[in-house]
There are 2 protein chains.
Amino acid sequence: MYKRCQMKKKHTKNRHHNSTKKITSVDVARLAGVSQSTVSRAFGTGNELTEETKKKVLKAAMELKYRPNAIARSLTSQNTNIVGIVMANAKSPFYSKTLDEFTIKLQKLGKQTLLFSVEKGRDIDEILSHVLEYRVDGLVITSATISSEMAEECANIGTPVILFNRYATGTNVSAVCCDNVKGGRDVADYLLDRGYTQLAYIGGNPKSSTNIDRLKGFQERLQERGFSDLLIRNDEYSYESGYRIAKELILEGKKPEVIFCASDIVALGAMDAAKHEFNLKTPEEIAIVGFDDIEMASWPTYSLTTIQQPIEEMTEFAIDLLESKIKKMNTKCELKLFPGKLIKRGSA
Amino acid sequence: MYKRCQMKKKHTKNRHHNSTKKITSVDVARLAGVSQSTVSRAFGTGNELTEETKKKVLKAAMELKYRPNAIARSLTSQNTNIVGIVMANAKSPFYSKTLDEFTIKLQKLGKQTLLFSVEKGRDIDEILSHVLEYRVDGLVITSATISSEMAEECANIGTPVILFNRYATGTNVSAVCCDNVKGGRDVADYLLDRGYTQLAYIGGNPKSSTNIDRLKGFQERLQERGFSDLLIRNDEYSYESGYRIAKELILEGKKPEVIFCASDIVALGAMDAAKHEFNLKTPEEIAIVGFDDIEMASWPTYSLTTIQQPIEEMTEFAIDLLESKIKKMNTKCELKLFPGKLIKRGSA
DNA sequence: TTGAAAGCGATACCAT
DNA sequence: ATGGTATCGCTTTCAA
């Protein structure tokens with residue numbers, strides 16, 4: 001079937017009022033005396049072309065300061081080399097470290113990170129909608145749960161999603177997590193072994209899977225060993241929250257011997273409250289245990305006993321998993337749990 | 001001039017082995033019974049079309065779960081709505097807060113953040129080269145200086161660049177900074193007014209403009225008031241560095257009355273060294289002043305006297321500036337300095 | 001107001 | 001190994 005013949009006209013006026021001329025592969029081709037396809041080949045990998053032509057092209061490109069347009073490439077090649085990362089708390093120590101790890105590792109694979117921040121109370125689906133418009137090759141979601149409708153949409157559109165430090169039951173989304181239940185149990189064992197009997201738990205967001213599991217493991221193990229008396233408070237993952245709750249507990253006359261906090265940052269708050277509000281010594285008068293092992297936990301001022309999350313291995317694994325999903329090598333959904341490691345320091 | 005008539009063939013085999021069909025504006029157009037252009041218009045703003053047709057299109061889009069392809073849009077519209085952010089130390093408190101501010105504010109303007117991490121010792125030009133391939137609308141560079149060649153290339157390609165918390169002399173790149181010289185001077189005045197006479201300075205990266213200026217202002221003002229005796233050490237912007245240098249100073253028998261540290265994180269290190277290595281009380285036996293006012297500075301354990309950088313205003317301004325450069329409303333290069341504010345706390 | 005068609009700047013197929 | 005061209009999914013003239 002033949003298409004009607006078309007008359008081609010040149011654009012007459014410059015639509016974009018740009019004073020600087022954009023260099024494209026056509027310009028390079030002209031200068032190098034080759035076809036545009038050849039220029040494209042010279043910049044790809046594993047393409048058949050003479051060393052000589054390649055050199056010729058690269059020289060011309062250099063002269064013109066040509067840089068291939070990744071946007072145009074993405075349109076045809078159907079992959080952007082961009083990974084979207086959605087975070088709700090990007091400025092907290094644990095997550096900023098996580099983000100840094102992801103970014104650096106992805107960069108080494110030639111991939112870029114498109115960052116999205118979910119503010120408290122904002123709808124994550126709306127943000128995901130924007131992420132998907134950019135046709136990211138894959139998506140990492142931390143500290144937020146994805147709705148099952150959205151998960152389905154991602155699957156439809158063919159964008160692999162990985163939850164990091166979270167998991168969602170009922171969706172077909174893979175997740176990479178620390179074994180929070182096990183971490184909670186380990187803390188329980190450690191504390192009971194040290195002879196503590198009056199225990200408290202200060203949690204973060206009570207609806208997050210991390211919080212639920214850390215508490216679950218902790219409480220389960222306590223009960224298995226005959227301790228059912230656990231003081232539990234939840235609020236959010238922050239220093240202020242830890243500070244306030246610890247202060248409240250003590251003011252209410254419920255000072256425990258030891259507090260297990262759902263994250264290090266909460267633990268630091270609790271420790272400071274004990275010290276500065278009541279002048280209590282750690283660990284003699286009140287012991288504190290955290291979770292994450294952020295850098296500050298190892299500072300001598302805090303010397304926080306905590307469960308270390310193997311962030312580097314976790315991010316490494318998450319990226320590998322994402323890559324294999326992008327290449328469709330792996331379609332099954334999995335939940336990968338990494339064991340946390342109890343780091344014994346001075347606070348308990 | 002007429003082009004030769006071409007025979008158009010349909011692709012026979014699916015190049016990309018995708019099982020899921022991609023929904024495009026053509027599909028929506030077909031379902032809605034309108035042209036593809038109309039679909040495009042329905043998703044743009046300020047386009048002329050009937051409410052009725054628009055509704056029809058959106059309904060069809062909804063049904064098909066259509067989402068416009070931002071990559072394709074970028075290719076034609078010549079803007080990506082992506083801002084590149086280059087950071088060397090994204091996981092430190094100050095920069096992670098900065099990054100968060102940028103991301104959230106840009107998101108509110110409908111723009112995305114493409115994040116690049118510069119590892120120590122890595123070549124920033126190579127990274128910038130990648131950034132530019134994505135044709136970001138603008139570029140924010142923090143904690144790294146841009147080479148003048150690269151700055152020129154950015155200008156050539158038409159990508160506005162803003163340095164944040166840095167400036168580079170000799171390039172035509174705009175910069176948004178805290179007034180570090182003034183900050184240094186203010187600290188000098190404050191400390192002299194409090195009667196300190198033995199002073200030390202612990203710096204970060206000695207080649208960074210922040211470090212140079214903070215020291216410069218500090219030293220200048222000391223000299224103006226007749227103090228020329230300042231102990232100076234530089235290393236890098238980190239807790240460990242602050243800790244180590246403070247320890248060295250004291251071990252060498254050069255314990256000053258007060259140390260001005262080039263950043264809060266260095267200050268916290270110095271404070272901890274004094275406390276845990278030598279059991280010195282702050283501020284009685286050794287006073288410490290920082291710079292930045294990160295969250296931890298306000299924690300009672302540290303209660304760090306410091307110069308507060310107005311991050312929110314600075315990021316706000318940087319984004320406004322970038323926007324106006326993107327819209328070509330503003331072409332002149334400027335260095336905008338924000339005054340820091342001395343926050344008096346317990347450490348000095 | 002709407003439709004038709006020309007790009008945007010690459011990639012990848014096909015033919016030479 | 002190289003060139004020609006259809007195509008990716010939009011935006012934006014231009015014509016009707």
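Letters A, B, ... mirror the listed sequences (proteins, then strands); counts begin at 1.
- Taking side-chain N and O atoms only, Y66(B) has a distance below 4.0 Å to OP1 or OP2 of dC10(D).
- Between V57(B) and T38(B) there is a side-chain heavy-atom pair separated by less than 4.5 Å.
- The phosphate of dG3(C) (OP1 or OP2) has a side-chain N or O of T38(B) nearer than 4.0 angstrom.
- Annotation: proximity of residues 48-59 of chain A to DNA chain D (heavy atom, distance under 4.0 Å) is found for E48(A), L49(A), T50(A), T53(A), numbered in ascending order.
- S40(B) comes within 4.0 angstrom of a base, heavy atoms only.
- Residue pairs meeting the ring pair (Phe, Tyr, Trp, His ring centres under 6.0 Å) criterion with at least one partner in residues 109-128 of chain B, sequence neighbours excluded, do not occur; the list is empty.
- Remark: E52(A) pairs with no residue by the salt bridge (charged side-chain N to carboxylate O under 4.0 Å, His left out) rule, at least two apart or across chains.
- Taking atom CG of residue N69(B) and atom C1' of nucleotide dA10(C), one finds them 14 Å apart after rounding to whole Å.
- For residues 23-37 of chain A, the salt bridge (Lys or Arg N to Asp or Glu O under 4.0 Å) pairs, not counting sequence neighbours, are K21(A)-D27(A), D27(A)-R30(A).
- Looking at E51(B) and K56(B), no side-chain N of the basic residue comes within less than 4.0 Å of a carboxylate O on the acidic one, giving no salt bridge.
- Distance CD1 (I71(A)) to P (dA10(C)): 11 Å, rounded to an integer number of Å.
- When the C1' atom of dT11(D) is taken as reference, atom CG of N81(B) falls 14 Å away, rounded to whole Å.
- Going from atom NZ of K22(B) over to atom P of dG9(D) covers 7 Å, rounded to whole Å.
- The side chain of Q78(B) contributes an N or O atom lying less than 4.0 Å from OP1 or OP2 of dG9(C).
- The ring pair (Phe, Tyr, Trp, His ring centres under 6.0 Å) analysis of residues 135-164 of chain A, with sequence neighbours excluded, yields the pairs F102(A)-F164(A).
- S96(A) meets the side-chain contact (heavy atoms from CB on, under 4.5 Å) test with K91(B), S96(B); sequence neighbours excluded.
- Partners of L31(A) by side-chain contact (heavy atoms from CB on, under 4.5 Å), not counting sequence neighbours, listed by chain and number: A60(A), E63(A), L64(A).
- Across all strands, F43(B) comes closer than 4.0 Å to no nucleic acid atom at all (heavy-atom distances).
- One can place OH of Y134(A) at 17 Å from P of dG9(D), the figure rounded to the nearest angstrom.
- Spacing between atom CG of N79(B) and atom P of dG9(C) amounts to 13 Å, rounded to whole angstrom units.
- Projected onto DNA chain C by closest heavy-atom contact, R41(B) and R135(B) fall at different nucleotides, the more 5' of which corresponds to R41(B).
- Taking a 4.0 Å limit (strictly below) on heavy-atom distances, residues 23-37 of chain B reaches DNA chain C at V34(B), S35(B), S37(B).
- The ring pair (Phe, Tyr, Trp, His ring centres under 6.0 Å) analysis of residues 37-63 of chain A, with sequence neighbours excluded, yields the pairs F43(A)-Y66(A).
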